[in-house]
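Inspection log for the structure reproduced underneath, given as structure tokens.
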Amino acid sequence: NNLPSFGMSLHISSVVTNTPPSATIAIMNMTADLKAKGESVYDFGVGEMYPDITCPESLKTGIIEAVQEDKTAYVYPQGDKELLQALSDDFRANFNLTYTPQEICVHPGPKCSLLGAMTVLLDPTHERNRVIAFSPCYESFRDLTMFITRKPVIIGETGDDCLPDLVELEKTLASRNDIACIIINSPNNPSGVVYPEEIIKGIADIVKKYPEIAVISDEVYRTQIYGDRKYVSIAHFLPKQSIIIGGLSKEAAGTGIRVGFLAGPAHVVAAATKLTGNTVSCTSLPLQKGYAAFLRADRDMAARKNIVAKLAEKREIGLTAFRELPGFSLLDAFPPAGAFYFFPGVTKYLGKKSPEGEVMVDDNALCLWLLKTAKVAVLAGSAFGKPGRFRLAYASVATADLKEGLKAMSEALATLQ
């Protein structure tokens, strides 16, 4: 419990105190403290693309024009009609999915869309109130599950390939009657893994036998896929049970421009709209107008493809460093197929000592040591339910800093004995 104490008269709900702080925010705070002391830090901890990759001009112009035209009033909780139609059109044109505007709901960021979907689908008093998510697992899947149901997420373990085990999933669903929801995330944060079509279709085929179970598909990184891999959504195979989560934060390099959406069955969207009206009221209208303008301008996805091309350049720098720098010789790294994270295994470094005698007892200790010693911020795999690894966000620093940061990390790791 990191909350301040204000005396015995003010009680803080256990729902909040039992929810762990975000590992991403924690590393942001530690990095900010070091920077405030005047220290230079290579910040590979936060999943964003600033400063090298910035928002497309159509998005920025759309937001500015909306403000200048005084489009700053309340809007219907489900979302501005212009944006709902633009999202519907974009689904059809670029993702081979058909969602009417009535099947889409807009929120202040994808994480809020995730919260909305989970809140309307999970009833703590219902027989089916448990959630399955696969490791490595984005921290909000774990934390929001506990927040809403007060029960821990059921982690579907994966192998070194970070892919779901369909045999185990089928066994779990056949042996339990309390599963309400399965969360999948491809391209995956933190691993960069893209689920092959046979895995996604396999999940759909299994879940199809249980019409009361929903699948929430976090597709925030859906446009960021490298090489010849193709985008595939579980909604292509299981539309009546699937809820897609997305937004502009990663697709349009605007992590601080908080607009997300969920798309799914109309009755789920209606419930999410009701929730929005009673919580945040609505999503910022100028931001919605800007997002709509961006989608119209990017019907051919040229801007989104340009972002991926720039990410691919950074990815190659990282792959070269892992392959050539001597300090990385013990890393177990694989090329990410999507998103913008490396997720290497570090077990061969665990148990080793620093020149000062500090033992790397686990991935958390290693990451803290790298921050103190090399001034390199990365997130421990334990934060994602996959210990023995760390997540390195290669998009979050300038290209020159990427090279220098990887060099600093390699030099530090090389000193471990």
Side-chain angles (χ1 to χ4, degrees), residues 13-22 77-78 103-157 164 168-170 172-186 189 203-204 206-220 233-235 238-247 260-280 384-385:
S13 168
S14 62
V15 175
V16 176
T17 57
N18 290 335
T19 300
S22 163
Q78 183 184 348
E103 295 171 316
I104 304 169
C105 183
V106 176
H107 297 92
K111 192 177 290 189
C112 190
S113 297
L114 176 66
L115 174 62
M118 295 178 71
T119 301
V120 302
L121 292 170
L122 297 173
D123 182 349
T125 67
H126 194 270
E127 178 185 33
R128 289 190 177 274
N129 60 15
R130 302 299 300 272
V131 176
I132 295 174
F134 299 101
S135 69
C137 173
Y138 177 51
E139 59 194 6
S140 289
F141 302 162
R142 175 198 66 210
D143 298 343
L144 291 180
T145 296
M146 179 65 78
F147 183 79
I148 294 166
T149 68
R150 306 204 184 188
K151 294 180 180 179
V153 69
I154 299 168
I155 296 294
E157 297 298 335
E168 287 302 314
L169 175 63
E170 189 150 28
T172 300
L173 297 188
S175 63
R176 306 183 62 135
N177 61 2
D178 60 351
I179 305 301
C181 178
I182 299 167
I183 303 178
I184 62 175
N185 174 213
S186 175
N189 172 15
I203 294 172
I206 293 168
V207 178
K208 197 176 297 182
K209 303 172 188 176
Y210 305 90
E212 63 273 44
I213 296 178
V215 177
I216 295 176
S217 183
D218 182 343
E219 301 183 7
V220 167
S233 173
I234 196 164
L238 196 71
K240 294 183 179 179
Q241 292 170 250
S242 301
I243 292 88
I244 293 176
I245 305 297
F261 63 81
L262 67 81
H267 70 288
V268 175
V269 169
T273 299
K274 180 179 179 181
L275 179 65
T276 299
N278 282 282
T279 51
V280 297
F384 304 95

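Remember, it's a predicted structure, so these values are computed and weren't measured experimentally. Scope of the values below: all heavy atoms of this structure, side chains included, with no hydrogens, waters or symmetry mates.
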Derivation and outcome, side chain to side chain contact (heavy atoms under 4.5 Å, CB included), residues S217 and I243: CA-CA 6 Å; S217 183; I243 292 88; over 6 Å; no

Nearest 0.5 Å, please: how far is SG in C105 from CG in L275? 8.5 Å

Under 3.5 Å donor-acceptor, Q241 side chain and I213 backbone: yes

Start with the C-alpha gap between N129 and L122, add the side-chain angles, then the distance that decides, and say whether side chain to side chain contact (heavy atoms under 4.5 Å, CB included) holds. CA-CA 6 Å; N129 60 15; L122 297 173; 5.7 Å; no

Output for pair (I183 CD1, L144 CG), nearest 0.5 Å, gives 8.0 Å

Indicate yes or no for a side-chain donor-acceptor contact from R142 to the backbone of G385 under 3.5 Å, with no hydrogens or angles considered. no

Could you report the tightest heavy-atom contact between Y138 and F384, atom names first, then the distance? CA-CD2, 4.2 Å

Sorted by chain and number, sequence neighbours left out, ring-ring contact (aromatic ring centres under 6.0 Å, His included) with F261 holds for F91

Could you go through the side chain to side chain contact (heavy atoms under 4.5 Å, CB included) check for F147 and V15 one step at a time? CA-CA 6 Å; F147 183 79; V15 175; 3.3 Å; yes

Please give me the minimum heavy-atom distance between I245 and P110, naming the atom from each residue. CG2-O, 3.5 Å

What is the distance from atom OG of S242 to atom CG of L262, rounded to the nearest 0.5 Å? 12.5 Å

Shortest non-hydrogen contact from I216 toward A117: CD1-CB, 4.0 Å

Just to verify, what does A204 make a side-chain contact (heavy atoms from CB on, under 4.5 Å) with, not counting sequence neighbours? I234, F237, L238

Between D218 and N185, is there a donor-acceptor pair closer than 3.5 Å when you use the side chain of the first and the backbone of the second? no

Of all residues at least two apart in sequence or in a different chain, which pass the salt bridge (Lys or Arg N to Asp or Glu O under 4.0 Å) check with K209? E170

First locate atom NZ of K240, then atom NZ of K208, and finally report the distance between them rounded to the nearest 0.5 Å. 11.0 Å

Provide the closest heavy-atom pair for L121 versus A214 in the form atom of the first, atom of the second, distance. CD1-CB, 3.9 Å

Name all pairs fulfilling the salt bridge (Lys or Arg N to Asp or Glu O under 4.0 Å) condition that reach into residues 105-128, sequence neighbours left out, sorted by first residue then second. R128-E212

For the residue pair K151 and R130, establish whether any side-chain heavy-atom pair is separated by less than 4.5 Å. yes

Among all residues two or more places apart in sequence or in another chain, which pass the side-chain contact (heavy atoms from CB on, under 4.5 Å) test with T172? I132, R176

Side chain to side chain contact (heavy atoms under 4.5 Å, CB included) between F134 and I182, intermediate numbers included: CA-CA 9 Å; F134 299 101; I182 299 167; 3.9 Å; yes

Shortest non-hydrogen pair, I244 vs A235, comes out as CD1-CB, 3.8 Å

Test item: S135 side-chain N/O and C137 main-chain N/O as donor-acceptor pair under 3.5 Å: no

Can you list every pair that meets side chain to side chain donor-acceptor pair (under 3.5 Å) and has a residue in residues 270-279, with sequence neighbours left out? H107-T276

If you measure from CD on E219 to OG on S233, what distance do you get to the nearest 0.5 Å? 3.5 Å

Tell me whether Y210 at atom OH has more than 12 heavy atoms from other residues, nucleotides or ligands lying less than 6.0 Å away. yes

Do you know the tightest heavy-atom contact between Q78 and I104? NE2-O, 2.8 Å

Separation between OG of S186 and CD1 of I184, rounded to the nearest 0.5 Å: 7.0 Å

